[in-house]
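Accompanying notes for the structure given below.
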Amino acid sequence: DWSSDVCSSDLPGSGGSVEVTGTLAGTGNATIELDGETVDLGANITTADQNITITGAADLSASVTIDSGANEGNISFSSTLDGTQTLILDAGTGNITITGAVGGGTVLGAVTITDAENVTFSDAFSAASIVQNAGSGTTQFGGAVATTAAAGVNIANTNIDVNAAIGATGSGIIYLNGAADIGANLSTADQNITVKGAATISATVSIDSGSGEGAITFQDTLNGTQDLTLDAGTGNIDFDGVVGGSNALGAVTIVAAENVVADFAFSAASLTQSAGTGTTQFKGAVTTTAAAGVAITNNNIDVDAAIGTGAGTLALTGAINLGANLTTTNKDITLTGAVTLSANNTISSDTGAGTITFTSTLDSDGTTRDLTLTAGTGIINFDGAVGATALGAVLINSAGGVTADSTFSAASIVQSAGTGTTTFTGAVSTTAAAGVDITAANITVTAGITETTAGIVNFVNTGTLDRKSTRLNSSHQIIS
């Protein structure tokens, strides 16, 4: 034990080394400084709130605890740190700084930081695991981090700066508990990646939890103007906070996931999901600004809040539960898969040439739901049967053309304006007084029209009206 102001082992020059084979304990105001070309750490080192400084290449030859007390004693390694042993560091409210590569020669065992204000790893870090239990400042990774054990990378501090890639292999997780500035890639081998605090994407980043069931979770807000790629394999992706509320993200790409849930508003340049095996659900409004717009592929898609893509396209591929509006600015809207309306909806591609296409069936959820469509000079395509579970009032404000390839059942269908041809290939049936009221340049009706409650059948055309040999079954028929 030392109680003097400085306990120093200083062995300068070539070949000088320091070996710690027994506990070093500095009491009172004593600091500990170990200075050699190499420093062999084989026992614990402690001070009472005073600095511990290790200058020279350090090697762990036993499991070691380095503790500078509960207050402001700092722990510093000025060079490399190697050894297969476990290491516990406790700086209280002091800082921990490791300037050289950790585990570059021999990978460390489990590294545990009990407490610290700021923790800085300036170079690469390799260990079985790195766990920080508490912190009151910033933990910064300046070099790539690689771990191999189940504890993986688990960091708790007020702020966390990721400036180089973090990779947890084996069964290791990544858990960042703090406001996280993510400026480099995160990856695991089928294990969870969780960011508990507010996250900022400060560079183009990929977060990959492997091809298995590793989940990716953002438990707070997510901001940043950079591109973000997420791959959860067969795991889930959860956005538990607002995305892009302060700074809209760049292009967000989901390579694969089972379920994807965005609980609040989502703003980005674009949002693309290439594959999925579960359900993608939007509980908050989605807003994008780039040409890629929104393109989602999953088994099921739940739209519980509006999606607006501006000058970008909008494409949903899967069984679609549509409970909110879809809009673009003169760009295509394509719904590939059976669509079920779970609320009254408006779908608008604005005044230009954006098409609206339903490639499969279109139904209500058991309650008659109204649908308003605006396609400007674009085409509206109903490729599958409409209204096996009948729709409510269907209103087409504008379209360059309308094509219904199969049966069409609704309370009413009204087209206010059209510059092309409206074609009903399958039988049309309506139940409300508004009946069938179509205004278009040309109108073609191939099968019969049945209005069951004395509704009108009204055709207003500036070009041709082709009824083939079909019947109009209605007590109020007006044909122009």
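All values derive from a computational prediction rather than experimental measurement.
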Please check if the side chain of Asn344 supplies one atom and the backbone of Asp370 the other of a donor-acceptor pair under 3.5 Å.
-> yes
Would you say Thr439 and Phe459 make side-chain contact, with heavy atoms under 4.5 Å?
-> no
Search all heavy atoms of Thr425 against all heavy atoms of Ala447 and return the closest pair with its distance.
-> O-CB, 3.7 Å
Residue pair Thr407 / Phe424, side-chain heavy-atom distance below 4.5 Å = no
Does Asn259 offer a backbone N or O that forms a donor-acceptor pair with the side chain of Asn236 under 3.5 Å?
-> yes
Asn345 side chain to Ala324 backbone, donor-acceptor under 3.5 Å | yes
Any side-chain donor-acceptor pair under 3.5 Å between Thr139 and Gln132?
-> yes
Mark yes or no for whether Asn381, through its side chain, and Asp383, through its backbone, hold a donor-acceptor pair below 3.5 Å.
-> no
Taking the side chain as every heavy atom from C-beta outward, state whether Thr423 and Val402 have any atom pair closer than 4.5 Å.
-> no
How many angstroms lie between atom CD1 of Ile98 and atom CZ of Phe121, to the nearest 0.5 angstrom?
-> 4.5 Å
Euclidean distance, Leu362 CG relative to Arg369 CZ, rounded to 0.5 Å = 13.0 Å
Close side-chain approach of Ser416 and Leu395, heavy atoms under 4.5 Å = yes
Nearest-0.5 Å distance, CD1 of residue Ile301 to CD1 of residue Ile307 | 8.0 Å
Steps toward side-chain hydrogen bond (donor to acceptor under 3.5 Å, both in side chains) verdict (Asn185, Ser206) = CA-CA 5 Å; Asn185 298 342; Ser206 173; 4.9 Å; no
Given Ile88 and Thr86, is the side-chain contact (heavy atoms from CB on, under 4.5 Å) satisfied, shown in steps?
-> CA-CA 7 Å; Ile88 297 174; Thr86 60; 5.8 Å; no
Thr200 versus Asn223, side-chain donor and acceptor atoms under 3.5 Å = no
Heavy-atom pair with the smallest gap, counting every atom of Asn133 and Thr114 | CB-O, 3.6 Å
Under the 3.5 angstrom rule, does the side chain of Ser129 hit a backbone N or O of Ala151 as a donor-acceptor pair?
-> no
Look at the side chain of Asn330 and the backbone N and O of Thr351, then say whether any donor-acceptor pair between them is shorter than 3.5 Å.
-> yes
With a 4.5 Å limit on heavy-atom distance, are the side chains of Ile113 and Val119 in contact?
-> yes
What closest approach, in Å, do Thr288 and Ala269 show between heavy atoms, and which atom pair accounts for it?
-> CB-O, 3.4 Å
Which atom pair, heavy atoms only, marks the closest approach of Ser349 to Lys331?
-> CB-O, 3.4 Å
Of all the heavy-atom pairs spanning Ala399 and Ile396, show the shortest one and how long it is.
-> CB-CG2, 4.2 Å
Distance-only, no hydrogens or angles: does the Asp238 side chain make a donor-acceptor pair with backbone N or O of Asp240 under 3.5 Å?
-> no
What's the verdict on side-chain contact (heavy atoms from CB on, under 4.5 Å) for Thr340 and Leu322, showing C-alpha distance, side-chain angles and the deciding distance?
-> CA-CA 6 Å; Thr340 301; Leu322 191 57; over 6 Å; no
Please check if the distance between the ring centroids of Phe282 and Phe266 is under 6.0 Å.
-> no
When Thr194, Thr188, Ile173 are each screened for side-chain contact (heavy atoms from CB on, under 4.5 Å) with Ser209, the one that passes is Thr188
Residue from Asp231, Val255, Ile193 passing side-chain contact (heavy atoms from CB on, under 4.5 Å) with Asp208 = Asp231
Check the pair Glu451 / Thr430 against side-chain hydrogen bond (donor to acceptor under 3.5 Å, both in side chains), numbers first and verdict last.
-> CA-CA 5 Å; Glu451 168 42 66; Thr430 61; 2.3 Å; yes
When rounded to the nearest 0.5 angstrom, what distance separates CD1 in Ile347 from CD1 in Ile356?
-> 6.0 Å
Under 3.5 Å, is there a donor-acceptor pair between the side chain of Thr253 and the main chain of Thr272?
-> no
Evaluate the ring planes of Phe141 and Phe125, with Trp represented by its six-membered ring, and classify them as parallel (under 30°), tilted (30 to 60°) or perpendicular (over 60°).
-> perpendicular
Might you point out which heavy atoms bring Ala128 and Ala110 nearest each other, and give the distance in Å?
-> CB-N, 3.8 Å
Give the C-alpha distance, both sets of side-chain angles, the deciding distance and a yes or no for side-chain hydrogen bond (donor to acceptor under 3.5 Å, both in side chains) between Thr464 and Asn442.
-> CA-CA 5 Å; Thr464 61; Asn442 306 293; 3.2 Å; yes
Does any donor atom in the side chain of Asp350 or Thr329 lie under 3.5 Å from an acceptor atom in the other side chain?
-> no
Between Leu341 and Asp365, is a side-chain contact (heavy atoms from CB on, under 4.5 Å) present by the stated rule, with each step listed?
-> CA-CA 6 Å; Leu341 301 181; Asp365 61 355; over 6 Å; no
Flag for Thr374-Asn397: side-chain donor and acceptor within less than 3.5 Å = yes
Any sub-3.5 Å donor-acceptor pair from Asn157's side-chain atoms to Glu117's backbone N or O?
-> yes
Full working for side-chain contact (heavy atoms from CB on, under 4.5 Å) between Asn321 and Asn300 | CA-CA 8 Å; Asn321 180 77; Asn300 304 288; over 6 Å; no
Counting heavy atoms not belonging to Glu213, are there more than 12 under 6.0 Å from its CD?
-> no
With a 6.0 Å cut-off on ring centres, are Phe382 and Phe408 close enough?
-> yes
Validation row: Phe77, Leu89 side chains within 4.5 angstrom (heavy atoms) | yes
Close side-chain approach of Val162 to Asp181, heavy-atom, < 4.5 Å | no
Is there side-chain contact between Val243 and Leu249, with at least one heavy-atom pair below 4.5 Å?
-> yes
Check the side chains of Ser429 and Ser409 for a donor-acceptor pair under 3.5 angstrom, ignoring hydrogens and angles.
-> yes
Measuring from Ile333:CD1 to Ile380:CD1, what's the distance to the nearest 0.5 Å?
-> 9.5 Å
Rounded distance (nearest 0.5 Å) linking atom CG of Asp161 with atom OG1 of Thr120 = 9.0 Å
With Thr280 as reference, evaluate Asn299, Asn298, Thr297, Asp302 under the side-chain hydrogen bond (donor to acceptor under 3.5 Å, both in side chains) test and give the passing residue.
-> Asn298
Between Asp304 and Lys283, is there a salt bridge with N-O shorter than 4.0 Å?
-> no
So with a 6.0 Å cut-off around OH of Tyr175, is the heavy-atom count from everything else above 12?
-> yes
Can you check side-chain hydrogen bond (donor to acceptor under 3.5 Å, both in side chains) on Ser202 and Gln226, steps first, answer last?
-> CA-CA 6 Å; Ser202 57; Gln226 305 294 323; over 6 Å; no
Has the side chain of Thr234 got a donor or acceptor atom that lies under 3.5 Å from a matching backbone atom of Gly212?
-> yes
